[in-house]
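In what follows, chains are A, B, ... by sequence order, proteins preceding strands, each numbered from 1.
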2 protein chains.
Amino acid sequence: MVIKVAITDDHKMVLKGIAAMLQGTPELQVVGMYEHAQDTLDNIEKDAPDVLFLDINLPDINGIDLSKMLLKTNPELKIIALTNFEDISFVKRMLKNGVHGYLLKNTDKLELVTAMKTVLSGELFLQKDIQASLLNQGSKKTTDNGLKPKLTRREQDVLVAISEELTTQEISEKLFISPKTVETHRMNIMSKLGAKNSVGIIKIAIEKELL
Amino acid sequence: MVIKVAITDDHKMVLKGIAAMLQGTPELQVVGMYEHAQDTLDNIEKDAPDVLFLDINLPDINGIDLSKMLLKTNPELKIIALTNFEDISFVKRMLKNGVHGYLLKNTDKLELVTAMKTVLSGELFLQKDIQASLLNQGSKKTTDNGLKPKLTRREQDVLVAISEELTTQEISEKLFISPKTVETHRMNIMSKLGAKNSVGIIKIAIEKELL
DNA sequence: ACATTTTTAAGGGTATTCCCTGATTTTTTA
DNA sequence: TAAAAAATCAGGGAATACCCTTAAAAATGT
């Protein structure tokens, strides 16, 4: 049985790289190479891959949302997330949302094939680095919180709007919520980031790469 | 004459991707694929490539410093920087430090080969997106600085104080001037940077490296 | 189904920023 | 030395941000 593989990544080089790695294995067939989320959604049913390697840092949509959409219409599809960094909290969220594997981009051919076989057998595949990080999280409990403060989705919306130099009123109109709600979010952001005012919010947000 | 090519990127997939693109062109020969800066430094003289594709987002060192080192010991080497994003100020700094070309990672084979030929002929190669960005920068403000708006000494003091999340009152006490003077300075800073409020001041100041 | 988190919102303030105009003194530069 | 730029300060008002508390839906997770 031939395994049909598709790849979504906005970097042509990564597309080519994976395709090159998979060539030479006759039981594998690359049926789709997509550069954007929309390409993927448009062609996934037509191409009907068994496995999709999905870059989670796409420009137009985040990997979690795209995974959800794809799995809703293609429940049989196995998705292996691709990423540059091992962001543990992100890995967790992806796995909770039905993604079947998680690969760093510096992966060799052997691991690529192993990952595919694993997910096709219905199991989860995690690289050993990521596995180790997940284990550390459970026991230590301290690792994740020192670096990046975790904002909620709405808080991030407000954060972005603040960084766009909008006033509370303007933000409320943009997000369709009351100005009072915007203030609440801003206060919570300040508290989470340890900022004294909006200037501090922006400074810290840029520092911690939240923007 | 055979052109010898090497690649440095911490993602194996990108390494493979470029190698795959270059295969099938007989006059090209991939003589080195390095995953780290140290690999590159260790092997560059032995492998003696004519062109090096260099990822500027390496984990162990930044692209500018590595370029400097490589060019010091290998003046004949042509370096083409690889990146995910088009950070104009970074491009400029790279080019000033002797890098010969700049490529985004979503580049196809044709552009890859064109880039190599261009740099081997002694010219600079810039992708059209990046060229456009550079041109836009230049045409915006030709007469004065082009790069960063110049603040006066006192305005910089106030800028720093604002970035420390101080209020007008606190800044006035720190600098031994009237709160009204602080406000005047802040207004002038806003005007010079094109900011709508203090948040904009900080955002732009960090962007333009005024802090 | 129940507990937790998130999002929503309000009242009622106080503090601060933003914006205008106008002006004097000091420093730098041509 | 004259002209330009920078730094100083002020009045006054409107807009906005900041801060506290409280609390009910709504979404999410176990």
Side-chain angles (χ1 to χ4, degrees), chain A residues 62 64-65 67-68 72 89-99 137-138 144-145 149-205 210, chain B residues 143-145 149-205 210:
Chain A
N62 79 64
I64 292 174
D65 292 343
S67 302
K68 274 188 188 170
K72 194 167 286 178
S89 67
F90 205 84
V91 175
K92 278 187 165 180
R93 281 165 62 200
M94 292 289 287
L95 293 177
K96 280 176 188 168
N97 278 285
V99 166
Q137 259 226 334
D144 69 43
N145 228 4
K150 191 184 169 190
L151 299 182
T152 67
R153 197 184 291 107
R154 213 52 171 164
E155 282 163 358
Q156 279 184 43
D157 293 340
V158 173
L159 171 62
V160 168
I162 291 173
S163 83
E164 288 169 345
E165 304 174 45
L166 303 181
T167 66
T168 299
Q169 182 62 38
E170 291 167 335
I171 295 171
S172 81
E173 284 159 12
K174 183 185 182 188
L175 300 181
F176 303 106
I177 55 181
S178 153
K180 277 295 184 184
T181 307
V182 175
E183 290 194 347
T184 303
H185 285 312
R186 189 182 41 232
M187 289 300 144
N188 290 335
I189 295 170
M190 274 197 273
S191 166
K192 283 188 180 177
L193 301 192
K196 290 206 194 93
N197 51 36
S198 292
V199 162
I201 289 179
I202 293 308
K203 197 186 59 172
I204 295 164
L210 300 171
Chain B
T143 37
D144 36 55
N145 273 331
K150 44 187 163 188
L151 301 181
T152 67
R153 212 184 302 112
R154 214 53 171 165
E155 282 164 356
Q156 277 205 323
D157 293 340
V158 173
L159 171 62
V160 169
I162 291 173
S163 83
E164 288 168 346
E165 305 174 43
L166 303 180
T167 66
T168 300
Q169 183 61 40
E170 291 167 334
I171 296 170
S172 81
E173 285 159 12
K174 183 185 182 189
L175 300 181
F176 304 107
I177 55 181
S178 154
K180 277 295 183 184
T181 307
V182 176
E183 288 193 354
T184 303
H185 285 312
R186 190 181 39 234
M187 288 300 144
N188 290 334
I189 295 170
M190 274 197 274
S191 166
K192 283 187 181 178
L193 300 192
K196 290 208 198 93
N197 53 35
S198 292
V199 162
I201 289 179
I202 293 309
K203 197 186 60 171
I204 295 164
L210 300 172

Hey, does the side chain of A:S198 come within less than 4.0 Å of D:dC18's phosphate (OP1/OP2), counting only N and O? yes
Working to the nearest 0.5 angstrom, can you tell me the gap between A:Q156 CD and A:K150 NZ? 10.0 Å
Check whether any side-chain heavy atom of A:R154 lies under 4.5 Å from a side-chain heavy atom of A:I177, and answer yes or no. yes
Which heavy atom of A:V99 sits nearest to which heavy atom of A:S67, and what is that distance? CG2-OG, 3.5 Å
Counting Watson-Crick and G-U wobble pairs with both distances under 3.5 Å, what is the dot-bracket string for DNA chain C, 5' to 3', using [ ] for crossing pairs and | for pairs to another strand? ||||||||||||||||||||||||||||||
Do you know which two heavy atoms are closest between B:A161 and B:I171, and how far apart they sit? CB-CG1, 3.6 Å
Give me each pair satisfying salt bridge (charged side-chain N to carboxylate O under 4.0 Å, His left out) with a member in residues 167-182 of chain B, each pair once, sequence neighbours excluded. B:E164-B:K174, B:K180-B:E183
Taking only residues at least two apart or on different chains, which pairs with a member in residues 188-205 of chain A satisfy side-chain hydrogen bond (donor to acceptor under 3.5 Å, both in side chains)? A:E155-A:K192
Take atom NE2 of B:H185 and atom C1' of D:dA10, then tell me their distance rounded to the nearest Å. 14 Å
base_contact_polar (D:dC9 base, B:T184 side chain, donor-acceptor, <3.5 Å): yes
In whole angstrom, what separates B:K150's NZ from D:dA5's P? 11 Å
If you assign each of A:E155 and A:N197 to its closest nucleotide in DNA chain C, which residue comes earlier from the 5' end? A:E155
Mind calculating the distance between CZ (B:R154) and C1' (D:dA5) to the nearest angstrom? 16 Å
D:dA17 P sits how many Å from B:E165 CD, rounded? 16 Å
Quick one: list whatever passes side-chain hydrogen bond (donor to acceptor under 3.5 Å, both in side chains) with B:T184, sequence neighbours left out. none
State which residue, out of A:L193, A:V160, A:I202, fulfils the side chain to side chain contact (heavy atoms under 4.5 Å, CB included) condition with A:L210. A:L193
For A:S178 and A:S172 the tightest heavy-atom approach is C-CB, 3.8 Å
I'd like a table of atom pairs between the protein and nucleotides 12-16 of chain D - only N or O on both sides, under 3.5 Å - with the distance next to each one.
unit_1, atom_1, unit_2, atom_2, d
D:dG12, O6, B:K180, NZ, 2.3

Determine the minimum heavy-atom distance between B:I162 and A:V199, stating which atoms define it. O-CG1, 3.3 Å
What is the distance, rounded to the nearest whole Å, between atom CZ of A:R186 and atom C1' of D:dC19? 11 Å
DNA chain D nearest-nucleotide lookup for A:K196 and B:I177: closer to the 5′ end is B:I177
side-chain hydrogen bond (donor to acceptor under 3.5 Å, both in side chains) with B:T181: which residues, sequence neighbours excluded? none
Minimal non-hydrogen separation, A:L159 against A:A205, with atom names: CD1-CB, 3.9 Å
Please list, in 5' to 3' order, the outermost nucleotides of DNA chain C lying under 4.0 Å from any heavy atom of chain A. C:dT6 to C:dG12
5'-most by nearest nucleotide on DNA chain D - B:N188 or A:I201: B:N188
Atom-to-atom span, CD1 of A:I202 to P of D:dC18 - whole angstrom: 11 Å
Rounding to a whole Å, what distance do you find between B:I189:CD1 and D:dA6:P? 13 Å
